[in-house]
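Heads up: the structure comes next, in structure tokens.
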Number of protein chains: 2
Amino acid sequence: MAPHSLSTNQSSVAASGHPVKPAPVIIDGIPINNLTRKVLDSQSFLSQSMNIILEDAVKKSTDVKEKVCEWRSPEELKELLDLELRDEGESESEILQRCRDTIRYSVKTTHPRFFNQLFAGMEPYSLVASVIVEALKPSLYTYEVAPVFTLVENAVLRKMMELIGWEEGGDGIFCAGGSMSNMYALNLARYHHCPDVKEHGLSAAPRLVIFTSEECHYSIAKSAALLGIGTKNVYVVASDERGKMIPSALEELIETAKKEGTIPFFVNATAGTTVLGAFDPLEEIADICEKHNIWLHVDACWGGAALMSDRHKHLLKGIHRANSVAWNPHKMLMVCLQCSAFLVRDKTSLLQDCHSSRASYLFQQDKFYDVSYDTGDKSVQCKYTVRPVSAFSRRPECTNVCFWYIPPSLRNLQGHPKFWKKLHTVAPAIKERMMKVGSMMVGYQTHKDRVNFFRMVLVSPQVSTEDADFVLDEMHNLGKDL
Amino acid sequence: MAPHSLSTNQSSVAASGHPVKPAPVIIDGIPINNLTRKVLDSQSFLSQSMNIILEDAVKKSTDVKEKVCEWRSPEELKELLDLELRDEGESESEILQRCRDTIRYSVKTTHPRFFNQLFAGMEPYSLVASVIVEALKPSLYTYEVAPVFTLVENAVLRKMMELIGWEEGGDGIFCAGGSMSNMYALNLARYHHCPDVKEHGLSAAPRLVIFTSEECHYSIAKSAALLGIGTKNVYVVASDERGKMIPSALEELIETAKKEGTIPFFVNATAGTTVLGAFDPLEEIADICEKHNIWLHVDACWGGAALMSDRHKHLLKGIHRANSVAWNPHKMLMVCLQCSAFLVRDKTSLLQDCHSSRASYLFQQDKFYDVSYDTGDKSVQCKYTVRPVSAFSRRPECTNVCFWYIPPSLRNLQGHPKFWKKLHTVAPAIKERMMKVGSMMVGYQTHKDRVNFFRMVLVSPQVSTEDADFVLDEMHNLGKDL
């Protein structure tokens, strides 16, 4: 492994020691990188495009007088955007036009009349934090390469643990989304219960079983499939009318699973379900988990922010008894995408032991600083950074508002056998109309035996009472002839 | 599930229909969101902070006359940054100062003298694309909510498949990093081989075994642990001096595994290894995989970009025979973090079937447009968007330059028993000095029985020949007295 020779080529060097005309690096006669331009040459392009972004993607996108979406079918939009990737490249003015088009035809998820999913509007401080991250391109595997963000991550995780009520701290990591945090929980619980699985796999292990309510997020089932546990080993616990897990049903199911010879090792409780916004009763679930020695994970991705409200934190009473918690600041705390915290009560380096691989090119142990700040090996990935700046300034509440719009033609039909069948077609029809008009966006879905209803998500700081009222009026405008 | 009542409160409404003083939404007497400010009020803050970012995080961070890093120990930096999260919040001028400090004390991964890891410098078009994404906050689960980005993802994936040589196309998805793409490959191969595992888990399955070279990325072992396959079921194939997998060693190991009664189902070949930048011989490995009916995955996260160079694409000869490929545009194609493509040759919806959960609130089948554009269910996550804009304008080559700096005091010791022991301490000592001076950043590590050496990564468009030469001079300055 002799060092390659680094050939110098013929560019002149200024008094500063830096070349007047920088040249690409050439090794063994082959150009290695493509030094076509210095960033300085792009200053004008960068400021022009930032102006477009601030004007079109921030200001206009959150302006109630603008449309929420500029609907085009996939075929039309493909034509409009001209997405063919050619060899020759494009001029900067063409690229600026592409920026404008991208923004124009994108859905404005930060618009005051976007209620479609669990998005959280536009928080300017968070946007700035995200742009800093994009420009610096840090990666959080080591303190060496991301000193500021490593410490920020640590401070924010500590604060979140304090809010959960883990007085003696714990451990944690930021993940690329709530699905990942839930998956980490499942993996960690399995490692805690059967550490041998990490090396030997599941093929010689007993049948491991997990429990979650029928209202839980779909990432629980996806994680069970991915981790080799299997979706049939996800035992689904009944929920009540409001969407809360029924503790007695959980305990019965655990007893049943034990009788079947399986090993129950993981219960997922949800604080803020995706559809109805329900909070599972954590104290009663924690009692059952302690009794049966089962890992309790709380998926508080959506509802965790209630911990910051004196008025609403009772919804999560008992969360300090969880073994692990998932909580997404990119939802109600309005941090930009993606920022999900995975928090663990354990302090015996379970997270590190479970996920470590000790890559020699990153986690050298002979570094000159305290390597306990090199947190990357707690992750199953090389870690990109998170955006936890200014996440702690608001006190929101969990709100998914679900309702049917009943058009006049159906109002006399209530009780009639055709009523539900017809009502089921109303939401998709109104949704099509609102998308094409671009006046607002509200999601719809079925739930158990309930036909299609609208689910309106109210979190964004851009949404006023008037915007919420507008939804009901506009529903009627769009649907009164159905 | 009766609709909640949306109470209107007392703000006056202007002629436009929009309130003069917007008020937060109140349901059942409880304020739901926190409408403290309109985005318009933040215009000045936003433009001031964007100016700081362009000046400090883009222009100065890539300026060779500035330092690569402003080293502070974790304890010092904690003091300087004041990371305590308080309830009361801060003024905008304090927040602007925090932006400056964050940038100042962060490592400049886009600096011309940052050679520390597989980072790719600053590409202004890509930065703009990323900022658009941050401002629009799209999520790629459905065409409905991310029409432009869904089509862009599709167009970029198609182009990548074309470059791989899959003339009849295939399937694919963008993931949050190369580790995720490799994990998807492993999961998909397992599903292809044993579809029952998705539902029933591995506890009743045979012992599944995978093969990869000793030079592969650590995500292969991490994925095997996560998926319940177990790290002991990762059979490690020997590599030659240059770091390339030895095909005969692979075939021998497959035969051994079969004799042990295991099921070999997955081979990972690496195109551009992390440490040495080696390319495994794909044609010979593909022959062996076809003969034994084993899924061939190519981890081309680092080296995939060579496919775009007529001069270097021979390094990946045979890649079209792979069943799946991982390729990170955020590395040599200079897209901002994170952008990793997972590409699959299969066109029978294997990816969808493997990962689907069919959440009713996202993937309604009665939508008014072609729902085949709703790609989110191919993912194990809710999908955040990717940044594939302008990824196709460069023709780089794979370059990890590894070398020892031998200080004068050791030059007469070559052959002496103490030589290697002393040389091992040189790189950490020089590293500490370069970090404290902030003149450059180059990573070091051991490899097999080789003592600590430097690994210099040359991709960034900011790096000139002079910057590369500087490294050798600076090494000598920093290390000549050791």
Side-chain angles (χ1 to χ4, degrees), chain A residues 3 6 19 22-23 25 32 34 39 42 49-50 57 62 83 85 89 105-106 109 124 128 130 134-137 148 155 159 176-177 179 198-203 207 218 222 225 228-230 232 337-338 357 359-361 366 368 380-381 384 393-394 399 403 428 432 445 458 464-466 468, chain B residues 3 6 19 22-23 25 32 34 39 42 49-50 57 62 83 85 89 105-106 109 124 128 130 134-137 148 155 159 176-177 179 198-203 207 218 222 225 228-232 337-338 357 359-361 366 368 380-381 384 394 399 403 428 432 445 458 464-466 468:
Chain A
L6 290 168
V25 178
I32 291 300
N34 197 337
V39 172
S42 305
S49 48
M50 291 299 165
T62 55
L83 293 171
L85 292 158
Y105 295 110
S106 285
T109 66
V128 167
S130 292
E134 291 300 338
L136 291 174
K137 300 175 89 172
V148 176
K159 185 72 177 184
S179 298
K198 181 178 178 183
E199 286 189 3
H200 295 282
L202 280 165
S203 66
R207 204 178 122 210
Y218 66 80
K222 285 203 178 199
I229 288 166
K232 297 242 172 187
L337 296 168
Q338 299 240 22
S357 71
S360 65
Y361 64 95
D366 51 0
F368 65 96
V380 297
Q381 305 181 248
Y384 180 43
S393 60
R394 294 173 188 277
T399 53
F403 62 93
E432 176 170 0
Q445 65 172 106
L458 284 162
S464 67
T465 312
E466 287 69 20
Chain B
L6 291 165
V25 179
I32 291 301
N34 197 338
V39 171
S42 306
S49 48
M50 291 299 165
T62 55
L83 293 171
L85 292 158
Y105 295 110
S106 284
T109 66
V128 168
S130 292
E134 292 299 338
L136 290 174
K137 299 176 86 172
V148 176
K159 185 72 178 185
S179 297
K198 181 179 177 181
E199 286 189 3
H200 295 281
L202 279 166
S203 67
R207 204 178 123 210
Y218 65 81
K222 286 204 177 196
I229 288 167
T231 53
K232 297 242 174 188
L337 296 169
Q338 298 232 28
S357 71
S360 66
Y361 64 95
D366 51 0
F368 64 95
V380 296
Q381 305 181 247
Y384 181 43
R394 292 169 192 280
T399 53
F403 61 93
E432 176 170 0
Q445 65 171 104
L458 285 161
S464 68
T465 312
E466 287 70 19

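Per chain, numbering begins at 1; letters A, B, ... match sequence-line order. In this text the structure is predicted, and so the values were computed from the model without any measurement.
For A:I229, the part sitting under 4.5 Å from any heavy atom of chain B is the backbone (N, CA, C, O) and nothing else.
Judged by distance alone, the side chain of A:T109 and the main-chain N or O of B:K137 form a donor-acceptor pair under 3.5 Å.
Top candidate by heavy-atom pairs under 4.5 Å with chain A, chosen from B:S106, B:A57, B:A155, B:S203, is B:S203. For the options A:K232, A:R207, A:K198, A:M50, heavy-atom pairs under 4.5 Å to chain B are most numerous at A:K232.
Here A:K159 contributes atom NZ and B:L85 contributes atom CG; the two are 6.0 Å apart, rounded to the nearest 0.5 Å.
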